[in-house]
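Working notes, structure below.
In this text, all values refer to a predicted model and were calculated from it rather than measured experimentally. Reminder, nothing fancy here: chain letters follow the sequence lines and each chain counts from 1.
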Amino acid sequence: MRIVNNLDRKLRGWLPVKSITGKSYEIFYSTEIQLKNSGKFLLREGFHEGDIVSIKESSLPYRLFQTYNGPLKVSRKPFRAIVELSTSRILYEKDGKIVEYYVQAENLQPGQYAILSPDRRRIDKATKKYISEGNGGSRFAETWFPLVKHEFEFQYLHYGTYSNGCITVTSGSGWTELYLLIMKSRPRKMYHGTITVVEKIIYK
Amino acid sequence: MLVLASTTTIYFGYRYYEFKWPERYFGPHDKDSIFISTNPFYYFFFRVLPVVIVIFTILGTFQKASVSLLNPVLLGLLIGTIYAVQNDGRVIIDLLTQSKEVKRYENVASQYIVHISIILMLTGAGIIAGYLSTISQLYFVLPNINGLVDNIWATFLTVLMVFILYKLSKKPKETDMDQIIAKALGRIKKNVFFEIEQISEKHNADPILVKAVCIAEDIERPGWIRHIENLFGYIFRKQGSYGIMQIQTKKPINDIESIKQSVPLFFSNAKKLSIEAKKKVVEKYNRDDNFVYLVEEIYRYITPSI
């Protein structure tokens, strides 16, 4: 059972919840959960794993769906992408075809980065223009995926216009597509796949 | 002369809205229409209050300056009626002649009722404003005639300058579709959406598509208008489009009943269809291009289009 039905332009992939200890926060789309009694559920992954929470109705802008949990088809295969620094592109496979988008990846070191689940909603990082799809943005601009190379080397994969050591996807529609693919790739808890950063792709 | 001055002032006051309101009736065409149409009080205040203020100010100012008016109440009635007939009367004629200037809804009777009611209300508002202009205790809010003339000239020149600057700098007023959809979502009762989910499941329909159509209908026909339609439908036992889904029935039905009837009729087995095929389903439901576009926008609002 996972968190679903929160992909509209207001919730933007996040769902407001309140834990039984009184803490309020938001959990991301596709979070694995276990249903408990009286509308409560146990978070089985994420940074609040183990918390028993219920939907914070007062923070829902409207009630478009009866439930925000349900079955969701996720792939057990990890999502894989390559970032080529020399051409500033991210390349990945979708439906048997190679898809590419322009990225900004300043000061990023080559290597293999694990893509982890988003830690929190980055409201502070996304302007109104970023989330406005009518202006070329993406409703998922507030979701940043942590990238881990070694134990203590953190970067982020996100949508935006400039990079400060992160991998920044500059296409709004591209980011929406990437977000959905990454979110639905769940080989194991908190882990979605890998991004291999290379200077130049060597074709054999 | 006073009648002419008053109707002209009211006319220019509404000039900005004239191309969209009330001719376009209700719809997501611009922010003002949405704001006004969603609440009957906003609607009636928007239509009536400016008329009362203008008639009271003009007639009252002259009487304050001891200019004897033949019958202020009759003058108020005349101004209110002329203005109402000039606007809502024109819409009624457009409806009768099936002019393309005004959108014609299935329940055209309710359009006639709204506009006829407005004519009667504006006539009444004119009488009230005319009467108020005779009460000398209210004159303290009105200017003196000499001061008024000076102020009119000063105001005219200032407004002219501001208007020129405004026109030079003005960007087209954009409709924030997301905001309109979010507001409609907040208005619609949650049991309507829950019912859509259950009925859609039963008929293998796409609940998001049905919700998108339902929201689009609510934007075009706000709840209070549907209540008026239902009321007249009950009184006159008239066939028409009723409920949130605006479904054709012999007698008025509520929102839930309209969902129960429309889903099997238009949306069954559409769950797994492609986006293009779903668009055709909507076209079958309502062929109006603006409506289909609005449903598409709402669908994309609810779920990413990929």
Side-chain angles (χ1 to χ4, degrees), chain A residues 4-14 29-30 39 55 57-73 92 94-95 97 99 101 128-143 159 169 171-184, chain B residues 28 31 38 171-202 206-216 218-219 223 244 256 259 271-272 274-275 293-306:
Chain A
V4 291
N5 295 336
N6 61 336
L7 295 179
D8 62 78
R9 284 189 188 147
K10 200 86 175 176
L11 292 175
R12 304 192 277 272
W14 293 90
Y29 168 70
S30 82
I55 294 172
E57 297 279 350
S58 59
S59 297
L60 272 183
Y62 38 71
R63 191 73 194 243
L64 185 54
F65 293 92
Q66 195 158 9
T67 60
Y68 287 85
N69 56 70
L72 180 71
K73 259 189 191 171
Y92 56 89
K94 191 195 168 202
D95 302 329
K97 286 178 186 166
V99 180
Y101 287 104
K128 205 176 171 185
K129 200 181 162 194
Y130 274 22
I131 57 170
S132 166
E133 291 179 346
N135 290 317
S138 167
R139 69 183 73 188
F140 304 121
E142 295 153 319
T143 300
Y159 166 75
V169 178
S171 156
S173 58
W175 180 246
T176 300
E177 186 180 290
L178 262 170
Y179 169 92
L180 292 170
L181 282 172
I182 294 171
M183 277 306 202
K184 288 182 179 177
Chain B
K31 272 185 191 175
T38 50
K171 288 178 184 166
K173 203 172 186 178
E174 288 172 14
T175 302
D176 187 343
M177 193 57 83
D178 283 2
Q179 213 178 346
I180 291 167
I181 297 166
K183 275 190 179 172
L185 278 164
R187 271 199 315 268
I188 299 169
K189 287 178 184 160
K190 58 184 180 184
N191 66 326
V192 168
F193 293 133
F194 299 172
E195 192 67 34
I196 288 174
E197 286 173 22
Q198 278 163 18
I199 304 279
S200 299
E201 177 76 33
K202 201 172 155 187
D206 175 3
I208 294 177
L209 184 68
V210 182
K211 282 176 190 179
V213 169
C214 163
I215 296 160
D218 185 77
I219 289 171
I244 199 160
I256 298 292
I259 292 162
K271 195 172 187 174
K272 302 278 180 199
S274 65
I275 291 287
Y293 167 76
L294 182 60
V295 172
E296 260 187 275
E297 280 292 309
I298 299 167
Y299 196 93
R300 274 200 292 268
Y301 178 96
I302 299 173
T303 188
S305 51
I306 294 162

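For the atom pair R9(A) CZ and L185(B) CG, the distance stands at 12.0 Å (nearest 0.5 Å). A distance of 10.5 Å separates CG in N5(A) from CD1 in I302(B), rounded to the nearest 0.5 Å. The CE atom of M177(B) sits 14.0 Å away from atom CD of E133(A), with the distance rounded to the nearest 0.5 Å.
Residues passing the ring pair (Phe, Tyr, Trp, His ring centres under 6.0 Å) test with Y101(A): none are found, sequence neighbours excluded. Partners of Y179(A) by ring pair (Phe, Tyr, Trp, His ring centres under 6.0 Å), not counting sequence neighbours, listed by chain and number: F140(A). With sequence neighbours excluded, no residue satisfies side chain to side chain donor-acceptor pair (under 3.5 Å) with N69(A).
Counting heavy atoms of neighbouring residues, nucleotides and ligands inside a 6.0 Å radius, atom OH of Y293(B) does not exceed 12 of them. Within a 6.0 Å radius of CD in E201(B), other residues, nucleotides and ligands contribute 12 heavy atoms or fewer.
Checked by atom type and distance alone, the side chain of E197(B) pairs as donor or acceptor with a backbone atom of Q66(A) at under 3.5 Å.
Between chain B and the options L11(A), L7(A), D8(A), the largest number of non-hydrogen pairs under 4.5 Å is found for D8(A).
Inspection of non-hydrogen atoms places Y62(A), R63(A), L64(A) of residues 57-64 of chain A under 4.5 Å from chain B.
Interface residue K190(B): backbone and side-chain heavy atoms are both found under 4.5 Å from chain A.
Closest of all the heavy-atom pairs between T303(B) and R139(A) is C-NH1, 3.7 Å.
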